[in-house]
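Below: the structure, in structure tokens.
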Amino acid sequence: MTGMDFPENEKRSLNFIESIIEEDLRNNKNESRVHTRFPPEPNGYLHIGHAKSICLNFGLADSYNGLCNLRFDDTNPEKEDVEYVDSIMEDIKWLGFEWNDTPYYASDYFDQLYEWSVQLIKEGKAYVDDQPQELISRQRGVPTRPGEESPYRNRRIEENLDLFERMKNGEFPNGARVLRAKVDMASPNMHMRDPVMYRILHQEHHRTGNKWCIYPMYDWAHGQSDYLEGITHSICTLEFEIHRPLYDWFLNQLVDEGAYRPRQIEFARLNLSYTVMSKRKLLELVQDKHVKGWNDPRMPTISGYRRRGYTPESIRNFADRIGVAKRDNVIDVGLLEFSVREHLNQIAPRVFAVLDPVKVVITNYPEGKVEHMVLENNPEDTEGGSREVPFSREVYIERDDFMEDPPKKFFRMGPGREVRLKGAYIVKCEDYIKDEDGNITEIHCTYDPESKSGGSGASRKVKGTLHWVSTTHAIDAEIRLYDRLFMDEDPAGHKEKDFKEFLNPDSLKVLRHGKLEPSLKTAKPGDKFQFQRLGYFCVDLDSADKNLVFNRTVPLRDSWTKMNK
RNA sequence: UGUCCGAUGGUGUAAUGGUAGCACUUGUGAUUUUGGUUCAUACAGUCAAGGUUCGAAUCCUUGUCGGACAACCA
């Protein structure tokens, strides 16, 4: 793996999974191998929650010189699709990870799983149940009381064998029969009450086509897949904790005591404030066209963040910061944004862009004169170089940067005040013009020729510094200021409500006439910039008219707005 | 009145019987050609009650609170 930005010398303490692994290593368990896996179901795009799991699984394999498989958990053809398979592989690569060997698929094990099922039937540990779903569910009962055994539970082995084969051969319709493991109907753990191993599903599979019409359930497929791949540490989220006894039960039926076997370890999934991360809900947003696709920049998907301008490094650093534990958590989305700013601050060139322009005329600056001001691209990057920005008699500044009657703590332009136009001159506001509605249409300034940046008189200090764009040289661009899409502060708390009530109506604002400095003319899709005082922006490309379009990745940290609250 | 899991500053996460540390947030200050960045500094924590121990966030007991589990989803 490449590009992890952790200082080598920094001593990192172990999280609880690392502690478990190190103990296994000390005990020489499984020949001291470390082999993890990332097992998404290809039924949606990866989101920021998956990023945590990816960083964990691939990161662990990396730090213990082990391997990490990518395995598609494709046991339910009703929801799955190759589009998702492809996007998942793309997103993992983009995050900077490489999976062991080739991608693996649970569907590659359908034959082996079938064979093992036959073996369990022969051993009297599995049976075919003819009852309808509702009845089976009712017999399972409630967690506080023992369940009731199915009348088919003690069916003859030969009959089970025959029925199971006929299930496989397609002799029965969907839902007619299931194969169940004979575990314990009285177990306080509902998952142990004779769980379903196979259901009948006459449904084409995106990889096995029409070969199968019975498909294994998660519990019957997952641990066995881990075993077949030589996984040592099967790391999953907390909701599978209660499945672990069943995970172990199945393995115990197939594997001798003391032999190699995988071990399931659970951690708390990521919850992000203001962010909905349920695949079901995200799918609904896509299908109902609230967003333009899974990679809409407002989506908390990996591909959405990528398009919005997040970097893989920042997401990996975020994953490292939030840590791993078993306690339920809600991480402030501000921490993700901090991680993004932190990285973008190092790599993104500063440029001038004016989103809400008002014209400034420098009355004592010669008409027609143009000076090319030299500006540092990035003060955080000594090798970032510099560029020339044309300056002339008329420039745009941000409407917010002028106040007719400014309060004391406002450092920017106001009548009679002096400010510096960054990289150029100190100007003084002499006058301004308003239209009949009271809107300011033009500001008149004079400039101090001695104050040119880099010149002998440049040391004079003024309170404020403004960004600007020469009116005759400015280029236009569409600039999208994305806001948080979801208002859902506690995703877990509102699960019964329609989450769409929490959609933020301001989540997409388009400013069609941003004025940009001319160097941006050559910007390419994916290029990232800091628009001074406005935030970090990433070039999207509007496929329709090839106009320059910028997505705001994240606003700057803004203490000015805080001061005014 | 089931089983399993969890509980450390506002939010997260370390300390594995021996100094409760780190990050984000927040406050203050310094630097600054953007009020950003950077740096310094401050505030703030072991759910409760017992027990074991020279010593407990850590081990034990009880309680409280929170989460997960009753799909032919994963």
Side-chain angles (χ1 to χ4, degrees), chain A residues 12-16 19 23 39-41 43 73-76 78-80 129 132-133 136-138 140-147 174-180 187-193 195-201 214-215 217-219 221-222 236-245 266 268 273 279-280 320-332 334-335 337-339 341-342 345-346 350 375-376 378-380 401 409-412 419-424 426 453-454 458-459 461-467 492 530 532-535 556-563:
Chain A
R12 278 205 324 132
S13 48
L14 301 183
N15 64 46
F16 82 101
S19 302
E23 196 190 333
E41 184 188 13
N43 67 345
D73 226 338
D74 54 353
T75 56
N76 183 4
E78 289 189 316
K79 298 192 203 163
E80 297 159 6
D129 196 330
Q133 188 173 166
I136 290 176
S137 169
R138 204 175 320 139
R140 248 198 290 258
V142 292
T144 51
R145 315 187 77 83
N174 287 359
R177 283 175 230 267
V178 291
L179 183 71
R180 292 227 258 169
S187 171
N189 181 342
M190 298 297 287
H191 294 276
M192 300 297 270
R193 320 249 264 222
V196 171
M197 295 168 69
Y198 274 98
R199 76 284 212 181
I200 299 171
L201 227 48
I214 57 171
Y215 290 95
M217 301 292 292
Y218 167 85
D219 287 302
H222 202 94
C236 61
T237 47
L238 239 31
E239 66 264 33
F240 293 103
E241 201 162 31
I242 200 153
H243 294 240
R244 180 155 27 101
E266 311 85 11
S273 61
K279 266 196 212 171
R280 202 207 86 225
D320 182 59
R321 279 196 171 94
I322 60 179
V324 183
K326 295 190 74 166
R327 163 180 25 169
D328 292 325
N329 61 81
V330 181
I331 309 283
D332 193 320
L335 187 60
E337 293 176 346
F338 166 82
S339 302
R341 284 192 200 99
E342 179 186 52
N345 179 52
Q346 295 166 32
R350 316 289 115 130
L375 277 127
E376 220 179 347
N378 188 349
E380 310 301 321
D401 285 346
K409 300 196 78 171
F410 184 83
F411 299 158
R412 291 169 263 168
V419 294
R420 175 173 289 281
L421 296 178
K422 187 176 172 71
I426 292 172
S453 284
S459 57
K461 301 281 185 226
V462 286
K463 272 266 172 115
T465 304
L466 306 185
H467 55 278
Q530 185 193 103
Q532 301 235 209
R533 194 178 262 133
L534 301 172
L556 250 32
R557 197 164 162 272
D558 187 0
S559 55
W560 163 246
T561 53
K562 260 176 226 150
M563 278 164 60

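Just so we're on the same page: letters track the sequence lines, and every chain starts at 1. It should be emphasised that the depicted structure is a prediction, and the values quoted were computed from it without experimental measurement.
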Between Asp320(A) (CG) and U13(B) (P), how many Å, whole number?
13 Å
How far, in whole Å, is G18(B) from G9(B) if one measures between their C1' atoms?
23 Å
Whole-Å distance, Asn76(A) CG to C73(B) P, equals 6 Å
Separation of atom CZ in Arg180(A) from atom C1' in A71(B), rounded to whole Å
13 Å
Checking all strands, does Pro40(A) fall into the base, sugar-phosphate, or nothing category for heavy-atom contacts under 4.0 angstrom?
nothing
With sequence neighbours excluded, tell me which residues meet ring-ring contact (aromatic ring centres under 6.0 Å, His included) with His467(A).
none
Students often get this wrong, so: under 4.0 angstrom with heavy atoms, is His191(A) touching a base, only sugar-phosphate, or nothing?
sugar-phosphate
Proximal nucleotide (of C72(B), G2(B), C69(B)) relative to the Arg199(A) side chain:
C72(B)
Comparing Asn174(A) and Ile242(A) on RNA chain B - which has the more 5′ nearest nucleotide:
Ile242(A)
To the side chain of Met190(A), which of C24(B), A71(B), A70(B) is closest?
A70(B)
Quick one: OG1 on Thr465(A) to CD1 on Ile426(A), what's the gap to the nearest 0.5 Å?
8.5 Å
May I have the distance from Asp219(A) (atom CG) to C73(B) (atom C1'), rounded to whole angstrom?
11 Å
Side-chain donor or acceptor of Ser187(A) paired with backbone N/O of Asn189(A) under 3.5 Å
yes
Residues two or more places apart in sequence or in another chain: which of them pass side chain to side chain donor-acceptor pair (under 3.5 Å) with Asp73(A)?
His222(A)
Distance-only donor-acceptor test (3.5 Å): side chain His243(A), base A74(B)
yes
Phosphate-side-chain proximity, Arg140(A) and C72(B), N/O vs OP1/OP2 below 4.0 Å:
yes
Please work out if Val196(A) contacts a base, only the sugar-phosphate, or nothing of the nucleic acid, heavy-atom cut-off 4.0 Å.
sugar-phosphate
Heavy-atom nearest nucleotide on RNA chain B for Ile331(A) versus Pro143(A): which residue maps closer to 5'?
Pro143(A)
Centre of Trp560(A)'s six-membered ring, under 6.0 Å away, within 45 degrees of the axis: is that where NZ or CZ of Arg412(A) sits?
yes
Under 3.5 Å, is there a donor-acceptor pair between the side chain of Asp332(A) and the main chain of Ser273(A)?
no
Distance between the C1' atoms of A15(B) and U25(B), in whole angstroms?
23 Å
Run Glu241(A) and Lys326(A) through salt bridge (Lys or Arg N to Asp or Glu O under 4.0 Å) and show every step you take.
CA-CA 10 Å; Glu241(A) 201 162 31; Lys326(A) 295 190 74 166; 2.6 Å; yes
Taking atom P in both G6(B) and G10(B), what distance in whole Å separates the two?
23 Å
Among A74(B), A71(B), G12(B), the one nearest Asp73(A) by side-chain distance:
A74(B)
Going 5' to 3' along nucleotides 31-44 of chain B, which nucleotides have protein heavy atoms under 4.0 Å from the base (write B), which only from the sugar-phosphate (write S), and which from neither (write -)?
--BBBBS-------
Roughly how many Å apart are C22(B) and G17(B), using the P atom of each and rounding to a whole number?
22 Å
Between G2(B) (P) and Asn189(A) (CG): distance, integer Å:
15 Å
Closest non-hydrogen atom pair between Glu380(A) and Gln346(A), with its separation:
CB-CA, 4.4 Å
I need the Arg138(A) CZ to Ile136(A) CD1 distance, nearest 0.5 Å.
11.0 Å
What nucleotide among C72(B), G2(B), C24(B) has an atom nearest to a side-chain atom of Thr144(A)?
G2(B)
Separation between the P atoms of C24(B) and U37(B), rounded to whole Å
11 Å
Partner set under side chain to side chain donor-acceptor pair (under 3.5 Å) for Lys463(A), not counting sequence neighbours:
none
Same-atom distance (P) from U34(B) to U41(B), integer angstrom
25 Å
Whole-Å gap separating P (C73(B)) and OH (Tyr198(A))
14 Å
Measure from CG on Asn329(A) to P on U11(B) and round the result to the nearest Å.
12 Å
Just checking Thr75(A): base, sugar-phosphate only, or nothing, at a heavy-atom cut-off of under 4.0 Å?
sugar-phosphate
Criterion side-chain contact (heavy atoms from CB on, under 4.5 Å) on Val324(A) and Phe16(A), from CA distance to verdict:
CA-CA 7 Å; Val324(A) 183; Phe16(A) 82 101; 3.8 Å; yes
With a non-hydrogen cut-off below 4.0 angstrom, is Gly175(A) in contact with a base, only sugar-phosphate, or nothing?
base
Quick one: label Leu335(A) by what it contacts on the DNA or RNA (base, sugar-phosphate, nothing), any heavy atom closer than 4.0 Å.
sugar-phosphate
Is the backbone of Met190(A) close enough, under 3.5 Å, to the side chain of Arg140(A) for a donor and an acceptor to pair up by distance?
no
Is the shortest side-chain N/O distance from Ser137(A) to OP1 or OP2 of C72(B) below 4.0 Å?
no
Which word best sums up how the rings of His191(A) and His243(A) line up, parallel for under 30°, tilted for 30 to 60°, or perpendicular for over 60°?
tilted
Under the side-chain contact (heavy atoms from CB on, under 4.5 Å) rule, what do Arg199(A) and Met217(A) come out as? Steps first, then yes or no, please.
CA-CA 7 Å; Arg199(A) 76 284 212 181; Met217(A) 301 292 292; 3.4 Å; yes
Contiguous pairing runs of three or more, Watson-Crick or G-U under 3.5 Å, that involve RNA chain B:
B:2-7 with B:64-69, B:10-13 with B:21-24, B:26-30 with B:38-42, B:47-51 with B:59-63
What is the separation between atom CG on Asp332(A) and atom P on G12(B), rounded to the nearest whole Å?
9 Å
If a protein heavy atom is under 4.0 Å from the base, mark B; if only from the sugar-phosphate, S; if neither, -; do that for nucleotides 14-22 of chain B going 5' to 3'.
SSB------
Glu241(A) near the nucleic acid: base, sugar-phosphate alone, or nothing, with a heavy-atom cut-off under 4.0 Å?
sugar-phosphate
When rounded to the nearest Å, what value does the distance between C1' atoms of A23(B) and U62(B) take?
36 Å
